[in-house]
Amino acid sequence: MSSLKNLFKIAVLPGDGIGREVMPACLEVIDAAVKVAGAPPMSFETHQAGAQFYAESGEALPASALEACRKADAILFGAMGWPDIRFPDGTEIIPQLDLRMEFGLFAGVRPIRWFPGLPKVLSDPRAEGIDFVLIREQTEGLFYARGRGEIRDDQEAYDTMQITRAGTERVTEFAFQLAAQRKRRGRPGVVTCVDKANVFSSMAFFRKVFDEVAEKHPDVQKDYAYVDALALNMVKKPWALDVLVTENMFGDILSDLAAGLIGGMGMAASADIGEHYGLFQPAHGTAPDIAGKGVANPSAMILSGAMMLDWLAVKHCEPKLADAARLIEAAVEHTLSTTTAVPMEYGGSANCEDMTRSVIGALGAVRKEVA
C-alpha cells in the first residue's frame, strides 16, 4: 500500500552552535536522496529556538515553534545549548527535554554501527562488526527530577527517580519490536535489560515489567545486564550486543560511551520516538569551540535525517522514503570507506561543506548497490 501524501512537512530547529551548520547539510542531502529514490519531497520550515535565540528574545522555545512541531510530519533538530547562556536559576537551556515531554517522545533510539573508514578505536578486528541499538526511556527515570529537586538547609540534596509500569511497558515493547525487525535482517534478535536491579527497588520493578513484556515475544531472546557490567562489556565485546533497553540516566551515559566505540559523536545519530511524533537529531552538542568555523562533521545529522525517512516510510506506508534512507547511509559509508572525504575530527581535511558535497556526489554511485 502506498502513501496518499505527496509532500511531507518537516519542522526544522537548527538551534545553536554547529547545529546551524550541520542542519543545512542534512537538508541538502535529504533533498538529493528523495529525488534519486523517486520519493515524495520534503517541505522544510525553519524555526528559531535554543540558547542563542533566548539571549536575543527571552524565549528558548517559542509557542510558534512548538505549534509548528505539533503540526509537522516530523521534527529535525540540530543542537541546542550554550555554556554562557543560562536561565536565571543557573540551569542550561535545553528545549530538547521540553519537546520530549510535550510530545511524549519516550524512546531515545541510538544506533551504534561502525562504518569502514572510521577510526578503529578497539584493536580487536571483531570491532568492525559493531552494530547495536541502545533504547533509552526518555520521559521518566532520574530525569523525572528535573525541576523537582530539593535542597534542604544547604546540607542535603534529593532527586527522585520515577519508574512507571506504563513507561516501562511501552519502551520495552518498542525494544522487542525493533529486535524482531533486526532479526529478520539477520541480526541476533536479543533484547538486553540494562538496570541496577540488585540495589534499587525501582530497577527491580523495571526488570519485572521487562520480563512481562518479554513473555509476549517468544521469538526474541531476552537477556539482562547490570549497568556497570554492561559498560565493561560495551568496551570489551560490543560486537556481541544487539538491542539494549534502559532507564533515562543510564541511557544518557551509555550512549556517549557507545558513540566513542565508532569514532565519536560526529557519527552518533539518534531519534526520539513517541506514539504520534518523531524527532531526529545528532547526539552531539553545539561544540562552541568549533562553531562558526565550518569544520563540523555533518555525518551524525545526515544519518539522523535518514532515520527520519525510515520512520516516515513506516508511518505512511511509503517504501521509497526507506529507499532514500538506504541511499543516504550507503553514500555516507562510500564517502568514508573510499576516503573521498575524511572529516577533520578523524585526521582528514574535509570540512562540513566538503562532506556534504561528497555524500551527495556518492548517491549516484551507490544507487545500484541499494536497488
Gly251 versus Arg136, closest heavy-atom pair with distance: C-CD, 3.8 Å
Could you list the cluster mates of Val314? Members are the ILVMFWY residues connected by side-chain heavy atoms closer than 4.5 Å, either directly or through other members. none
Is the backbone N or O of Pro83 less than 3.5 Å from a side-chain atom of Arg86, with the two atoms forming a donor-acceptor pair by type? yes
Please round to the nearest 0.5 Å and tell me the distance separating atom CE of Met267 and atom CG of Leu261. 13.5 Å
Pair Gln177-Glu173, side-chain donor/acceptor within less than 3.5 Å: yes
List, by chain and then residue number, the residues other than Leu61 in its hydrophobic cluster (Ile/Leu/Val/Met/Phe/Trp/Tyr, side-chain heavy atoms under 4.5 Å); write none if there are no others. Leu13, Leu66, Ile75, Phe77, Met80, Leu99, Phe103, Leu105, Tyr277, Leu279
Determine, using the 4.5 Å side-chain heavy-atom cutoff (strictly less than), whether Val332 and Tyr346 are members of one ILVMFWY cluster. yes
Which residues, ordered by chain and number, are linked to Ile93 in its hydrophobic cluster, where ILVMFWY side chains connect at heavy-atom gaps below 4.5 Å, directly or through other members? Tyr54, Trp82, Ile85, Phe87
Could you check whether Glu169 pairs with Lys216 (Lys NZ or Arg NE/NH1/NH2 to Asp/Glu carboxylate O, under 4.0 Å)? no
Check: Ala25 main-chain N/O paired with Thr356 side-chain donor or acceptor under 3.5 Å: no
Should Lys236 and Asp124 count as an ion pair when the cut-off is N to O under 4.0 Å? no
So if you build clusters from Ile, Leu, Val, Met, Phe, Trp, Tyr with side-chain heavy-atom gaps below 4.5 Å, do Met23 and Phe53 land together? no
Between the main-chain N or O of Ala157 and the side-chain N or O of Arg152, is there a donor-acceptor pair closer than 3.5 Å? no
Check Leu122 against Pro238 and note the closest heavy-atom contact, atom names and distance. CD1-CG, 3.6 Å
Indicate yes or no: at least one non-hydrogen side-chain atom of Phe210 is less than 4.5 angstrom from one of Tyr224. yes
For Asp159, is there an ion pair with Arg148 - N to carboxylate O distance below 4.0 angstrom? no
Does Glu21 pair with Lys293 as a salt bridge, N-O distance under 4.0 Å? no
Give a yes or no on whether the ring-centroid distance for Phe250 and Tyr226 is below 6.0 angstrom. no
pair Arg326-Asp310: side-chain heavy atoms closer than 4.5 Å: yes
Do Lys196 and Asp228 have side chains that get closer than 4.5 Å, going by heavy atoms? yes
Is Lys315 reaching over with its side chain to a backbone N or O of His276, donor-acceptor style, under 3.5 angstrom? yes
To the nearest 0.5 Å, what is the distance between NE2 on His334 and OG1 on Thr339? 10.0 Å
Between Arg182 and Asp131, is there a salt bridge with N-O shorter than 4.0 Å? yes
Please check if the side chain of Asp16 supplies one atom and the backbone of Gln52 the other of a donor-acceptor pair under 3.5 Å. yes
With the 4.5 Å side-chain cut-off for hydrophobic clustering, are Val243 and Leu257 part of the same group? yes
What pair of heavy atoms forms the shortest contact from Ala259 to Met265, and how long is it? CB-SD, 3.5 Å
Rounded to the nearest 0.5 Å, how far apart are CD1 of Ile10 and SG of Cys69? 11.0 Å
List the atom pairs, with distances to 0.1 Å, where a side-chain N or O of residues 26-36 and a protein N or O form a donor-acceptor pair under 3.5 Å, not counting sequence neighbours.
residue: Glu28; atom: OE1; partner: Arg357; partner atom: NH2; Å: 2.5

Is there a donor-acceptor contact under 3.5 Å from the side chain of Thr286 to the main chain of Gly81? yes
Pro343 to Leu336 - nearest heavy-atom pair and separation: CD-CD2, 3.8 Å
Keeping the roles fixed (side chain from Asn248, backbone from Gln138), state whether a donor-acceptor pair exists under 3.5 Å. yes
Identify whether Val171 and Tyr144 are in the same connected component of the hydrophobic contact network (ILVMFWY, side-chain heavy atoms under 4.5 Å). no
Begin with the C-alpha distance, continue with both residues' side-chain angles, and end with the deciding distance and a verdict on side chain to side chain donor-acceptor pair (under 3.5 Å) for Glu45 and Ser43. CA-CA 7 Å; Glu45 185 177 289; Ser43 172; over 6 Å; no
So how far is it from His217 NE2 to Thr172 OG1, rounded to the nearest 0.5 Å? 9.0 Å
Going by the rule side chain to side chain contact (heavy atoms under 4.5 Å, CB included), which residues pair with Leu97 if we only count those two or more places apart in sequence or in a different chain? Ile94, Arg100, Phe143, Arg146
Under 4.5 Å between side-chain heavy atoms, counting indirect links through other Ile/Leu/Val/Met/Phe/Trp/Tyr residues: same cluster for Ile253 and Val235 or not? yes
Distance under 6.0 Å and angle within 45° of ring axis: Arg170 vs Phe174: no
Roughly how far apart are Ile262 CD1 and Ile112 CD1, rounded to 0.5 Å? 4.5 Å
Shared-cluster residues of Met344, by chain and number - hydrophobic side chains joined below 4.5 Å: Ile18, Ile290, Val295
Quick one: closest heavy-atom pair of Met301 and Phe280, and the distance? CE-O, 4.1 Å
Spell out, as yes or no, whether a donor-acceptor pair under 3.5 Å connects the side chain of Ser270 to the backbone of Gln281. yes
Whether Glu102 and Arg70 form a salt bridge (side-chain N of Lys/Arg under 4.0 Å from carboxylate O of Asp/Glu) is what I want to check. yes
Contact summary for Val220 and Ala179, nearest pair of heavy atoms: CG1-CB, 3.8 Å
Between Glu137 (side chain) and Gly167 (backbone), is there a donor-acceptor pair under 3.5 Å? no
Take Arg187 and Phe132 through the test side chain to side chain contact (heavy atoms under 4.5 Å, CB included) and record every step on the way to the result. CA-CA 9 Å; Arg187 297 301 299 164; Phe132 65 90; 5.6 Å; no
Within the supplied structure, the quantity of interest is the number of heavy atoms (other residues, nucleotides, ligands) at a distance under 6.0 Å from Ile151 CD1; does it exceed 12? no
Under 3.5 Å donor-acceptor, Asp153 side chain and Gln155 backbone: no
From CZ (Arg207) to CD (Glu212), nearest 0.5 Å: 14.0 Å
